Number of protein chains: 2
Amino acid sequence: MIETGKVLIVNVKGGTIMSESKSCILRLCRYRRTLKDLKELGYVKIFSDNLGEATGVTATQVRKDFSLFGISGNKKGGYLIDNLIEKINYILGKDEIQKVILVGAGNLGSALTRYKGFEKEDINIVAAFDADPAKNVKVNNIQVHPIKDVFDYVRNHKVRVAVLAVPSMVAQEVSEILISAGIRGILNFAPVTLKVPERIIVNNVNLAIELENVIYYVNARERNEKQNKTNPVQS
Amino acid sequence: MIETGKVLIVNVKGGTIMSESKSCILRLCRYRRTLKDLKELGYVKIFSDNLGEATGVTATQVRKDFSLFGISGNKKGGYLIDNLIEKINYILGKDEIQKVILVGAGNLGSALTRYKGFEKEDINIVAAFDADPAKNVKVNNIQVHPIKDVFDYVRNHKVRVAVLAVPSMVAQEVSEILISAGIRGILNFAPVTLKVPERIIVNNVNLAIELENVIYYVNARERNEKQNKTNPVQS
DNA sequence: TAGATTGTTAATCGATTAACAATC
DNA sequence: TAGATTGTTAATCGATTAACAATC
């Protein structure tokens with residue numbers, strides 16, 4: 001595997017080496033989401049502009065993404081939803097491991113064990129871990145083990161992906177234990193920049209920053225409206 | 001205000017019109033996070049490369065971002081942490097409204113009312129709303145009101161920002177009520193693409209997609225390693 | 001056929017990075 | 001001064017969009 005900054009060059013379309021971006025993969029996930037919903041509603045075919053509108057991207061972008069992964073439709077006939085879902089599943093590795101552990105069963109962590117959105121996408125949280133013995137109970141049918149057992153669990157069950165929802169103070173330390181046990185990818189909710197080896201995938205979800213971002217744009221627009229009122233600019 | 005696709009052109013540096021990207025704003029939030037931590041640890045000055053390393057961006061990027069917003073340091077002397085925090089606060093509109101409501105006090109929503117990360121950034125969830133009467137209680141000192149009261153509440157308290165954690169089925173409908181009442185920005189946890197007027201800011205957090213993303217990259221790397229073992233490529 | 005849609009190439013656009021002059 | 005660091009300009013890089021040929 002050749003890796004450069006953000007782009008991962010992987011082998012997909014029958015041996016051809018190609019590169020895809022993180023945002024492209026995110027869009028594939030979104031397409032699948034929408035396609036599954038449409039399938040449930042009884043739809044069979046879809047055009048690139050329908051799918052684009054439903055997912056908030058342009059029709060060209062949709063076709064470009066599909067073309068990048070060798071997904072083809074029928075000129076004039078659009079795409080078969082079943083076929084799209086199948087192809088995207090293959091690309092995203094849906095048939096392969098989906099086992100995920102949760103580390104940190106506090107406020108946010110325990111909500112994640114009950115989160116319906118994971119089940120809906122067939123993501124299984126197989127076990128949870130927490131340092132607090134009071135939390136070592138079953139939550140939504142998932143056993144919360146003592147944190148000291150996490151290393152052996154990851155080793156023995158060959159878990160590759162972890163959701164990290166521990167306090168910031170211990171996030172780095174815990175991530176190192178996880179990685180040493182064999183974890184390859186982390187969804188990190190702690191608002192810290194984890195220092196990890198290059199081969200490890202980290203996806204950060206920082207809820208405060210996401211919200212601050214909304215607040216910023218709302219404020220920026222209001223400031224601007226106020227200013228335009230007193231000092232209008234001619235277009 | 002001039003708006004084009006993703007870029008918002010706003011008036012910041014003493015009347016100069018300039019544009020900044022969403023990712024740039026996200027980085028500013030991260031810088032502030034880190035700077036606050038460093039301040040607590042007693043640091044007073046910082047260089048662009050320190051800050052870059054702590055937040056996972058290059059030193060050039062840090063300086064470029066600062067330059068874009070008219071934040072200047074001292075050649076050779078780096079930046080004063082207090083000054084940076086103050087300037088970033090001003091840019092991100094920290095002194096202005098921070099009032100946020102939460103709509104949907106289910107599994108994820110009620111976890112968000114207790115989320116320490118918001119408090120730490122001085123974000124106040126002032127009220128919550130839920131359709132289920134059983135949930136109309138106080139959670140972490142925040143009253144959960146009946147959903148039917150949300151319109152009047154937003155109107156009367158001039159709330160501008162909402163966190164939306166309702167089931168996907170009703171997300172669009174609820175967002176329309178919020179917008180009609182005066183909400184300008186939404187942090188949306190429902191895995192649907194909200195259709196909103198252009199003047200409304202929506203930030204989507206889709207936890208399943210974030211996790212699927214990690215799973216994809218882990219799988220892609222493992223597939224690749226396997227292949228390289230049987231069919232090594234010369235560099 | 002005419003019209004509509006895919007698939008791809010080329011153009012554009014924006015964000016990041018490299019290079020380096022300024023200067024403390 | 002010499003060395004280090006900022007601030008900015010130019011170059012690069014990648015992602016998105018526009019244009020359009022292919023074709024059903």
Side-chain angles (χ1 to χ4, degrees), chain A residues 2-10 12-13 16-28 30-31 35 43-81 83-84 87 213, chain B residues 2-10 12-14 16-28 30-31 35 43-81 83-84 87:
Chain A
I2 305 152
E3 198 202 336
T4 71
K6 297 196 174 142
V7 181
L8 199 66
I9 298 168
V10 282
V12 184
K13 192 160 58 175
T16 316
I17 297 288
M18 52 196 315
S19 84
E20 85 294 332
S21 68
K22 197 186 163 183
S23 42
C24 175
I25 298 299
L26 280 171
R27 282 196 303 271
L28 281 186
R30 271 194 224 113
Y31 298 151
L35 290 166
Y43 288 93
V44 173
K45 283 200 310 186
I46 194 166
F47 298 119
S48 58
D49 64 338
N50 306 142
L51 187 56
E53 206 196 348
T55 50
V57 307
T58 63
T60 307
Q61 182 77 268
V62 171
R63 295 200 300 276
K64 182 90 201 213
D65 287 340
F66 287 175
S67 138
L68 190 64
F69 286 104
I71 298 175
S72 58
N74 313 301
K75 305 236 162 166
K76 206 185 161 188
Y79 302 84
L80 288 171
I81 291 178
N83 182 248
L84 283 180
K87 288 271 178 63
N213 216 249
Chain B
I2 305 152
E3 198 201 337
T4 70
K6 299 196 173 142
V7 181
L8 197 67
I9 298 167
V10 283
V12 184
K13 193 160 57 174
T16 317
I17 298 288
M18 54 195 315
S19 83
E20 84 295 332
S21 67
K22 196 186 163 183
S23 43
C24 176
I25 299 297
L26 280 171
R27 282 196 301 273
L28 281 185
R30 272 194 223 113
Y31 297 151
L35 289 166
Y43 289 93
V44 171
K45 282 201 309 187
I46 194 165
F47 299 118
S48 57
D49 65 338
N50 305 143
L51 186 54
E53 205 195 351
T55 50
V57 307
T58 63
T60 306
Q61 183 77 270
V62 172
R63 296 200 300 275
K64 182 92 201 211
D65 287 339
F66 287 175
S67 138
L68 190 63
F69 286 103
I71 298 175
S72 57
N74 312 301
K75 306 236 163 168
K76 207 186 160 187
Y79 303 84
L80 287 172
I81 290 176
N83 183 246
L84 284 180
K87 289 272 177 62

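Owing to the predicted nature of the structure, the values given are computational and were not obtained by experimental measurement. Every chain is numbered from 1 and lettered A, B, ... according to where its sequence line falls, protein lines coming before strand lines.
- Contact annotation for B:F66: no contact, since no heavy-atom pair falls under 4.0 Å across all strands.
- Counting any heavy atom pair closer than 4.0 Å across all strands shown, B:G77 reaches no nucleic acid atom.
- The side chain of A:R27 places an N or O atom within less than 4.0 Å of a non-bridging phosphate oxygen (OP1 or OP2) of D:dT16.
- With C:dA15, D:dT5, D:dG7 as the candidates, the nucleotide lying closest to the side chain of B:K76 is D:dT5.
- The distance from atom CD1 of B:I25 to atom P of C:dA15 is 11 Å, rounded to the nearest whole Å.
- Contact annotation: A:S67 reaches the phosphate of C:dT8 (side-chain N/O to OP1 or OP2, under 4.0 Å).
- The nearest whole Å value for the distance from the NZ atom in A:K45 to the P atom in C:dA4 is 15 Å.
- Taking CG of B:L84 as the reference point, atom CG of B:L28 lies at 10.0 Å (rounded to 0.5 Å).
- Shortest non-hydrogen contact noted between B:K45 and B:I81 is O-CD1, 3.9 Å.
- For A:K75 and D:dT23, a side-chain-to-base donor-acceptor distance below 3.5 Å is absent, hydrogens and geometry of angles not being considered.
- A distance of 14.0 Å separates NZ of A:K64 from OG of A:S48, quoted to the nearest 0.5 Å.
- A:I71 has its CD1 atom 13 Å from the P atom of C:dT6, to the nearest Å.
- Nucleotide D:dT16 holds its C1' atom 18 Å from the NZ atom of A:K22, rounded to whole Å.
- The side-chain contact (heavy atoms from CB on, under 4.5 Å) search around A:D65 returns A:C24, A:R27, A:Y31, A:Q61, not counting sequence neighbours.
- In this structure, A:T55 OG1 and A:L26 CG are separated by 12.5 Å, a value rounded to the nearest 0.5 Å.
- Distance CZ/B:R63 to CZ/B:F47: 12.0 Å, rounded to 0.5 Å.
- We find that CG of B:L80 is positioned 15 Å from P of D:dT5, with the value rounded to whole Å.
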Item to check | Intra- and interstrand pairs of DNA chain D - dot-bracket, Watson-Crick/G-U under 3.5 Å, | marks other strand | outcome: ..||||||||||||||||||||||
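- In this structure, the CG atom of B:N83 is 14 Å from the P atom of D:dT6, given to the nearest Å.
- One finds the CD1 atom of B:I46 at 11.0 Å from the CG atom of B:L80 (value rounded to the nearest 0.5 Å).
- In this structure, CG of A:L26 is placed 16 Å from C1' of D:dT16, rounded to the nearest angstrom.
- Heavy-atom distances under 4.0 Å link DNA chain C to A:F47, A:S48, A:R63, A:K64 of residues 46-64 of chain A, given in residue order.
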